[in-house]
Structure formats: C-alpha cells, structure tokens
Undergrad: 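Can you keep this structure in mind? I'll have questions shortly.
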Amino acid sequence: MQELSLHNGQRIDGAMDGKAMQAFCQEHEIRLIVDAAHPFASQLHKTIAEVAESMQIPVVRYERIYPERDTSIEWIDDYSQVPTDIHSLLATTGVQSISKLRYLEAQGIKVVYRILNRESSLLLAYEQGATDDQLCYFKDSNDIEIDADAILLKESGISGGFCEKVAAARAKGMRIIVIKRPELIQGTCVNGPYGLRRAVEKLLPDFYPLHSGLTTGTCATAAAIAATKQLLFGEQPKEVPVLLPNGETIGVAVGYGDGYAYCIKEAGDDPDVTDGIEVRAKVENHGDGFVILGGEGVGRFTLPGFDFPPGEAAINKAPREMIRRNLEPFGVPLRVTISVPQGAEIARRTFNPRLGIEGGISIIGVSGIVKPFSEEAFIDSIRKCMKVAKASGSERVVINSGAKSERFVKALYPDLPQQAFVEYGNYIGETLKMANELDFKQVTLGVMLGKAVKLAAGHLDTHSRKTTMDLNFIQQMLQDSGITIDISDITLARELWERIPTEQLQDFAQTVIRHCTKHCLPLLPNGELTILLIDDNGKIFSTTN
C-alpha cells in the first residue's frame, strides 16, 4: 500500500472499542468525528455513533458514491440469501466472509474466495477452513480469471471498483449477486470533498480560517430543482440535493416566490459582487424537450468565442449541464428560465461588458463550489503540495493550472505518482521558485492558452485581477510566427485555436512557448524545464530546454 503524507493530521493504527475511542476523544479534545470507514464496517459505525452520542460530539459520515441499482442484478440483504441453484460461485466479499458462506459448500456448491495476497489474509482464510484450491488473489477490479456460474459482490460504490467488477463479470457471462450496503445511522452524510468541507464549516465554524461558497451555476441548479419539485409534486423543501460535476451531492438551501424558486448566492470568504444575490428559476412543462433560457438579469453573449453563439444567454456549458443532469431524472420535458433580479446592475461592476456580455451577469462555475483562498493561504497550500511531491521520491514535478490540464498531461507521465502532480492556479512564478528551492531536477509546466499568453508577456501571476490579455503582444507573436490574421475582435485567447490556420498552429505554439520559457527559466537555474501548451481538446505542443 502507498504511504501518504498528511498535511493537517497524524496517522495512528489499531482497532478501538467504545471505551478506547471515548478515552482517545477525551484525551485529544476531539470536537468532530469524520466516519470514513468501509460501508460494511457496521460494528465500527455503531461504535462511533454510540461514542459520539454519549460525548455529544457531532459526526459526519463520509459515504461513497453509489451507482443506481441495476434491476438486472440480484440484490440480497445478507449472506444467508445467496441463491443455491448454482454449481459454482466466485466470492469477492473479503476474507471475513468465508465462514459465512461455508453452508454453500455443504450443499455441494464450489466456492472460490478472492482475497488479498498477504500473510494476514491467508492465515485468516485457513483459520476458517479454506483450502489453497479455494483461494485466488485480487489483482484489479476488471480482472476475473476464475470461471464460475456466479459472482458475489458487495455494494462497495464507485471508488470500490464496483462498476468495473460488474462489467468484468458480465463479459464472462456470470450471474451477478450483490449484497446491499447496510443502512446508515441517521446524521450528517456527505459523499465528496466539497460536501465534507461544507459540513465541517457548519459544525466547526472556526476550524478553517476561510469558508467555501457556491457558484452561480450551483445556485441556479438548486433553484431549478426546487421549482421542479414545486411544479410536479407541490413540494417546497427548504433544502435540495444538488449533484455536482464531480459526482458528489451536496445540500443547498432554497426559498420560494410567486411561481419561482430561488437560491441566495453565498461566496464564502472569497467574496465578489454576486455575494448575497438571489438567483431564481421558473420551471414550466415543455412539450418540445428540455430547454434552458436566460431571463431578467442574465447577460447575453454578443461576441463569438464563448461556449454558445452570440445572442444566447450567458449561462455557461458546465452550469447548463448541471441543470440538465439534475432535472432529467424527473423524466418530464421542462423549460427552465434562470433570472437574477439584480443582475443588470451588478454586471456593470464585473468584466462582462469588456468581454462582450451585456444586460446582466454570467451563470458560471466549473466545479460548482467557490474555493476560498487568500493569496498567502493559497501559496502556502502549493508549498505543502510541492513538499509532498518531493517526498514521493520523484525527480520530476508536473505543475498544472488545474484539473483539466492535469488530466491531459497525466497521459504523458503514466509512471509518476499522483503526488508528483501539483496545481499552481495562477501562481506560476511562485511555484517555479519552490521547485528550485526543493531542488527538483525536472519540471514540467502544463499551461493552457489563456494563461500562456499572459505568461509569455512576462506575467508570472496570471490572475485576472493582476493582468489581462494583451492583444498587441499576441499580434506581435503572430507576426513572429509568420501568421497574418485579424484578432481585433477576440475576447478569449482560446479563440486563437480556431482563427490560426491548422498548418501554422505549431509555429505559433513554439513562439508562445519560447516567450514563456524566457521568463520561467531564470527561476529554475539548476533544473530542466519542459513547457507543454495544451489546447481545449487536449492536444499538446511542447519543447524541452
């Protein structure tokens, strides 16, 4: 198993009964328990609940994300319900389940147990009466080497490889039997990092120095869900579950007006001009399919280069997809109109007019969550990640602006540990200085065009509050690349990928990389720097210095 460094914690090993757990909580003045144990660790969940109740400590259950239960699968509640009309069974339910399935062997059913290939698991298997010919060993989720009539799985969730195991079993024509996960003890439950953070912020307000917020896209989605529930079922819940782009679900507070629902935008401790505004959604039955419209206070695109053509409402691609994914399960064609009563006034205090978005604000947000940061705190978090990267033993660190660029770049470095990939956000210069201080011999910088043109102009901090795209400088780089095109009307750098002739893209990319390198290399005097320029579709242009 891989050792991981903890930024804000101490790892301890060993089991605890209720008495030991209570003593530990008292000794360390524990104010909140996060239960992230395996979903089938029923006794541990019970112990945590009992200790928490006796000591009046709040508990947050960090649950896994589960796919919807497939009706073609046989679902059972416990081991005693495994069907006996089979000749052979591959059990992937863990070494502890061997004794619970011996009754099948007594009925003449051949059972093979798939366990971890480690000494403790083997000893436990032998103690329960398993023989060598009944054991096979876990390699990966989609590798099933044993031929059997049926397979027994636990409902272990997406992170537990459940979907891969089901797919592999189907490929071999096996009958699939799944033990349902135990019912949770009631309490605060989250199933992802954003929900966990927001739960901690609510239960222990002083734990984090800065609090997270919601994007306008999440607010619009929450309002649309609430309005749909009101339309279809006459319900007016005070909070609705919102499925975020990363697959987790968070609860969002909502309210209701005359024919609409609303959500109050919260920016957390990274406030902007939209903090506290009301984002509304009106939902109507619509016979011609699913439609998302912009109403009062939502801007309109007036220039090309955005996710949607001029004239469309300034509701970006990610929020539209969020709204669609959250409403499609209702199974009804709907027309959703998003509006922001204060939007037109607020938009005048944003970059929207400069970008060619007129009449209101944009409904935006890729993750759905506003991550709070101060410059000092963000740079400190980068420094911690860089130290972890160094501790991983990797000679190379790969720094990226965010998750999208990292996803593309990872394919080039399949053998690097996860810790070797670090997000710099906008702080390219600071991150390169850290790489030099930590004596990294090889540094890869992944950058997309929007930040690259700013970096090429010498801006080592690419945040929009510090610098904007310099069209004159870009025009000069185009001329240096032998490219003659008009860019006077572009609003976003990524439009260049469409404007520049395909056969000249490589020349332009090399010019941009050359300028970026000129500003970055002095910060890394003792290392090798590789700059990767990434387009929106993941194509990578590179050079090594």
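Count residues from 1 along the sequence. Owing to the predicted nature of the structure, the values given are computational and were not obtained by experimental measurement.
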Undergrad: Can a donor-acceptor pair be found, under 3.5 Å and without considering hydrogens, that links the side chain of Lys180 to the backbone of Asp77?
TA: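 Such a contact is absent between Lys180 side chain and Asp77 backbone.
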Undergrad: With a 3.5 Å distance limit and no angle check, can you tell me whether Lys265 reaches the backbone of Thr216 through a side-chain donor-acceptor pair?
TA: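 Checking the backbone N and O of Thr216 against the side chain of Lys265, no donor-acceptor pair under 3.5 Å is found.
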Undergrad: Is there a donor-acceptor pair closer than 3.5 Å between any side-chain N or O of Thr92 and the backbone N or O of Leu152?
TA: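 Yes: the side chain of Thr92 pairs with the backbone of Leu152.
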Undergrad: For the residue pair Cys219 and Leu214, what are the closest heavy atoms and their distance?
TA: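 For Cys219 versus Leu214, the nearest heavy atoms are SG-CB, 4.1 Å.
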Undergrad: Check whether any side-chain N or O of Asp535 sits under 3.5 Å from a backbone N or O of Gly538 as a donor-acceptor pair, and report yes or no.
TA: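 Yes, Asp535 side chain to Gly538 backbone: donor-acceptor pair under 3.5 Å.
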Undergrad: Would you check if the side chain of Gln56 reaches a backbone N or O of Glu53 as a donor-acceptor pair within less than 3.5 Å?
TA: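 The answer is yes, because a donor-acceptor pair under 3.5 Å joins these two groups.
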Undergrad: Indicate yes or no: at least one non-hydrogen side-chain atom of Ile540 is less than 4.5 angstrom from one of Leu412.
TA: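 Yes, close enough: below the 4.5 Å cut-off.
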Undergrad: Taking it one step at a time, do Arg198 and Glu266 satisfy salt bridge (Lys or Arg N to Asp or Glu O under 4.0 Å)?
TA: CA-CA 12 Å; Arg198 290 179 64 78; Glu266 51 173 297; 3.1 Å; yes
Undergrad: Would you mind reporting whether Leu432 and Ile399 have side-chain heavy atoms less than 4.5 Å apart?
TA: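 Yes, side chains in contact.
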Undergrad: What distance do Met448 atom CE and Ser401 atom OG have between them, rounded to the nearest 0.5 Å?
TA: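 Spacing of CE (Met448) from OG (Ser401) equals 7.0 Å.
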Undergrad: Looking at every heavy atom in both Ala130 and Arg102, which two are closest together, and how far apart are they?
TA: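 Shortest heavy-atom separation between Ala130 and Arg102 comes out as N-NH1, 4.4 Å.
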Undergrad: State whether a side-chain donor-acceptor pair under 3.5 Å links Thr444 with Tyr413.
TA: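 Judged by distance alone, the side chains do pair up.
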Undergrad: Are the side chains of Tyr113 and Thr93 in touch, meaning some heavy atoms are under 4.5 Å apart?
TA: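 No - every pair of side-chain heavy atoms lies 4.5 Å or more apart.
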Undergrad: Check the pair Asp78 / Gln81 against side chain to side chain contact (heavy atoms under 4.5 Å, CB included), numbers first and verdict last.
TA: CA-CA 6 Å; Asp78 57 56; Gln81 296 177 354; 3.8 Å; yes
Undergrad: Which atom names give the shortest non-hydrogen contact between Asn326 and Ile225, and what distance separates them?
TA: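 Heavy atoms only, the tightest pair is OD1-CD1, 3.5 Å.
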Undergrad: When you look at CD of Glu328, are more than 12 heavy atoms from neighbouring residues, nucleotides or ligands closer to it than 6.0 Å?
TA: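 For Glu328, atom CD is crowded (more than 12 foreign heavy atoms under 6.0 Å).
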Undergrad: For the backbone of Glu155 and the side chain of Trp75, can you confirm whether one donor and one acceptor N or O come within less than 3.5 Å of each other?
TA: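 It does not hold such a pair.
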Undergrad: Should Asp415 and Arg396 count as an ion pair when the cut-off is N to O under 4.0 Å?
TA: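 Salt bridge absent between Asp415 and Arg396.
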Undergrad: Does a sphere of radius 6.0 Å around CD in Glu183 hold more than 12 heavy atoms from other residues, nucleotides or ligands, not counting ones at 6.0 Å or beyond?
TA: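 No - once you tally the heavy atoms of other residues, nucleotides and ligands closer than 6.0 Å, there are 12 at most.
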Undergrad: Quick check: does any side chain N or O of Asp149 sit under 3.5 Å from a backbone N or O of Ser88, one acting as donor and the other as acceptor?
TA: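 Pair found, side chain donor or acceptor close to backbone of Ser88.
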Undergrad: Looking at Asn316 and Ile364, would you say the former's side chain and the latter's main chain have a donor-acceptor pair under 3.5 Å?
TA: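 No, Asn316 side chain to Ile364 backbone: no donor-acceptor pair under 3.5 Å.
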Undergrad: Should Leu232 and Val332 count as side-chain neighbours, where that means a heavy-atom distance under 4.5 Å?
TA: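 The answer is yes, as the side chains (C-beta and beyond) meet within the 4.5 Å cut-off.
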Undergrad: Verify side chain to side chain contact (heavy atoms under 4.5 Å, CB included) between Val240 and Thr221, making sure each step is shown before the conclusion.
TA: CA-CA 10 Å; Val240 294; Thr221 303; over 6 Å; no
Undergrad: Answer yes or no: is there a donor N or O on one side and an acceptor on the other, between the side chain of Glu430 and the main chain of Tyr427, under 3.5 Å?
TA: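 No, because the side chain of Glu430 does not come within donor-acceptor range (under 3.5 Å) of the backbone of Tyr427.
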Undergrad: For the CG atom of Leu89 and the CG atom of Leu104, what is their distance to the nearest 0.5 Å?
TA: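 If we round to the nearest 0.5 Å, Leu89:CG and Leu104:CG are 6.5 Å apart.
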Undergrad: Set out, in order, the CA-CA distance, both residues' side-chain angles and the distance that settles side-chain hydrogen bond (donor to acceptor under 3.5 Å, both in side chains) for Asp132 and Tyr126, then state yes or no.
TA: CA-CA 8 Å; Asp132 286 334; Tyr126 294 145; 2.5 Å; yes
Undergrad: Crowded around Glu284 CD? As in, over 12 foreign heavy atoms under 6.0 Å?
TA: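 Correct, the count exceeds 12.
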Undergrad: Taking Arg320 for its side chain and Ile315 for its backbone only, find out whether a donor-acceptor pair lies under 3.5 Å.
TA: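 Yes, Arg320 side chain to Ile315 backbone: donor-acceptor pair under 3.5 Å.
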Undergrad: Does a donor on one side chain sit under 3.5 Å from an acceptor on the other, for Ser99 and Gln128?
TA: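 A pair is found: one side chain offers a donor N or O, the other an acceptor, under 3.5 Å apart.
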Undergrad: From Ser394 OG over to Gln419 CD, what is the distance, rounded to the nearest 0.5 angstrom?
TA: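 One finds 9.5 Å between OG of Ser394 and CD of Gln419.
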Undergrad: Is it the case that more than 12 heavy atoms not belonging to Lys46 sit under 6.0 Å from its NZ atom?
TA: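 Open.
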Undergrad: I want to know whether His286 and Phe290 have ring centres closer than 6.0 Å.
TA: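 So the answer is no for these two rings.
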Undergrad: Would you say the side chain of Ile30 lies within less than 4.5 Å of the side chain of Leu32, judging by non-hydrogen atoms?
TA: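 No; the side chains remain at least 4.5 Å from each other.
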Undergrad: Rounded to the nearest 0.5 Å, how far apart are CD of Gln236 and CD of Gln230?
TA: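 It is 4.5 Å, given to the nearest 0.5 Å.
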Undergrad: Determine, step by step, whether Arg61 and Thr188 satisfy the side chain to side chain contact (heavy atoms under 4.5 Å, CB included) criterion, reporting the C-alpha distance in whole Å, the side-chain angles of both residues, the deciding distance to 0.1 Å, and the verdict.
TA: CA-CA 6 Å; Arg61 167 62 184 158; Thr188 301; over 6 Å; no
Undergrad: Answer yes or no: is there an ion pair linking Glu528 with Lys441, defined by an N-O contact shorter than 4.0 Å?
TA: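 No, no charged N to carboxylate O under 4.0 Å.
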Undergrad: How far does CD1 of Ile292 sit from CG of Leu334, to the nearest 0.5 angstrom?
TA: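 Answer rounded to 0.5 Å: 10.0 Å.
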Undergrad: Can you name the closest pair of heavy atoms from Ile158 and Cys163 and give their distance?
TA: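 Ile158 and Cys163 have their closest heavy atoms at CG1-SG, 4.3 Å.
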Undergrad: Looking only at non-hydrogen atoms, find the nearest pair between Ile534 and Ser405 and report the distance.
TA: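 Ile534 and Ser405 have their closest heavy atoms at CD1-CB, 3.8 Å.
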Undergrad: For Pro193 and Tyr62, which heavy atoms make the closest approach, and how far apart are they?
TA: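 Residues Pro193 and Tyr62, closest heavy atoms: N-OH, 3.2 Å.
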Undergrad: Mind checking whether Tyr194 and Thr249 have side chains closer than 4.5 Å, heavy atoms only?
TA: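 They are not in side-chain contact.
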Undergrad: Scan side-chain atoms only and decide if Ser72 and Arg170 contain a donor-acceptor pair under the 3.5 Å cut-off.
TA: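 Indeed, the side chains of Ser72 and Arg170 share at least one donor-acceptor pair under 3.5 Å.
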Undergrad: If you draw a 6.0 Å radius around CD in Gln107, do more than 12 non-hydrogen atoms from other residues or ligands fall strictly inside?
TA: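 Yes, because the 6.0 Å sphere around CD of Gln107 holds more than 12 heavy atoms from other groups.
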Undergrad: About how many Å separate NZ of Lys539 and CG of Asp536, when rounded to the nearest 0.5 Å?
TA: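 That separation rounds to 13.0 Å.
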Undergrad: Does NZ or CZ of Lys390 fall inside the cone over Phe440's six-membered ring, less than 6.0 Å from its centre and within 45° of the axis?
TA: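 Yes, a cation-pi geometry.
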Undergrad: Distance alone, cut at 3.5 Å: any donor-acceptor contact between the side chains of Thr215 and Thr218?
TA: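 Note: Thr215 and Thr218 side chains meet the donor-acceptor criterion.
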Undergrad: Look at atom NE2 of His28 and say whether more than 12 heavy atoms of other residues, nucleotides or ligands are closer to it than 6.0 Å.
TA: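 Enclosed.
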Undergrad: Step by step, work out the salt bridge (Lys or Arg N to Asp or Glu O under 4.0 Å) result for Lys110 and Asp133.
TA: CA-CA 11 Å; Lys110 179 183 177 181; Asp133 64 343; over 6 Å; no
Undergrad: Do Asn191 and Tyr66 have a side chain donor and acceptor closer than 3.5 Å?
TA: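 No, Tyr66 and Asn191 have no side-chain donor paired with an acceptor closer than 3.5 Å.
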Undergrad: Does the ring of Tyr137 carry Arg114 above it, NZ/CZ under 6.0 angstrom from centre and within 45° of its axis?
TA: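 Verdict for Tyr137: no cation-pi partner in Arg114.
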Undergrad: Measuring only between side-chain heavy atoms, which start at C-beta, is Leu445 closer than 4.5 Å to Ile428?
TA: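 Leu445 reaches Ile428 side chain to side chain.
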Undergrad: Could you check whether any side-chain heavy atom of Val60 comes within less than 4.5 Å of a side-chain heavy atom of Ile33, counting everything from C-beta outward?
TA: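 No, every pair of side-chain atoms sits at 4.5 Å or beyond.
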Undergrad: Does NZ in Lys410 sit with more than 12 non-hydrogen atoms of other residues, nucleotides or ligands closer than 6.0 Å?
TA: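 Enclosed: over 12 neighbouring heavy atoms sit under 6.0 Å from NZ of Lys410.
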Undergrad: State whether a side-chain donor-acceptor pair under 3.5 Å links Glu201 with Ser212.
TA: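 A donor-acceptor contact under 3.5 Å links the two side chains.
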Undergrad: Stepwise, does the side chain to side chain contact (heavy atoms under 4.5 Å, CB included) test hold for Val398 with Thr530?
TA: CA-CA 9 Å; Val398 182; Thr530 300; over 6 Å; no
Undergrad: Count the heavy atoms belonging to other residues, nucleotides or ligands that lie under 6.0 Å from CG of Leu231, then report whether that count exceeds 12.
TA: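 Yes, the 6.0 Å shell around CG holds more than 12 heavy atoms from other groups.
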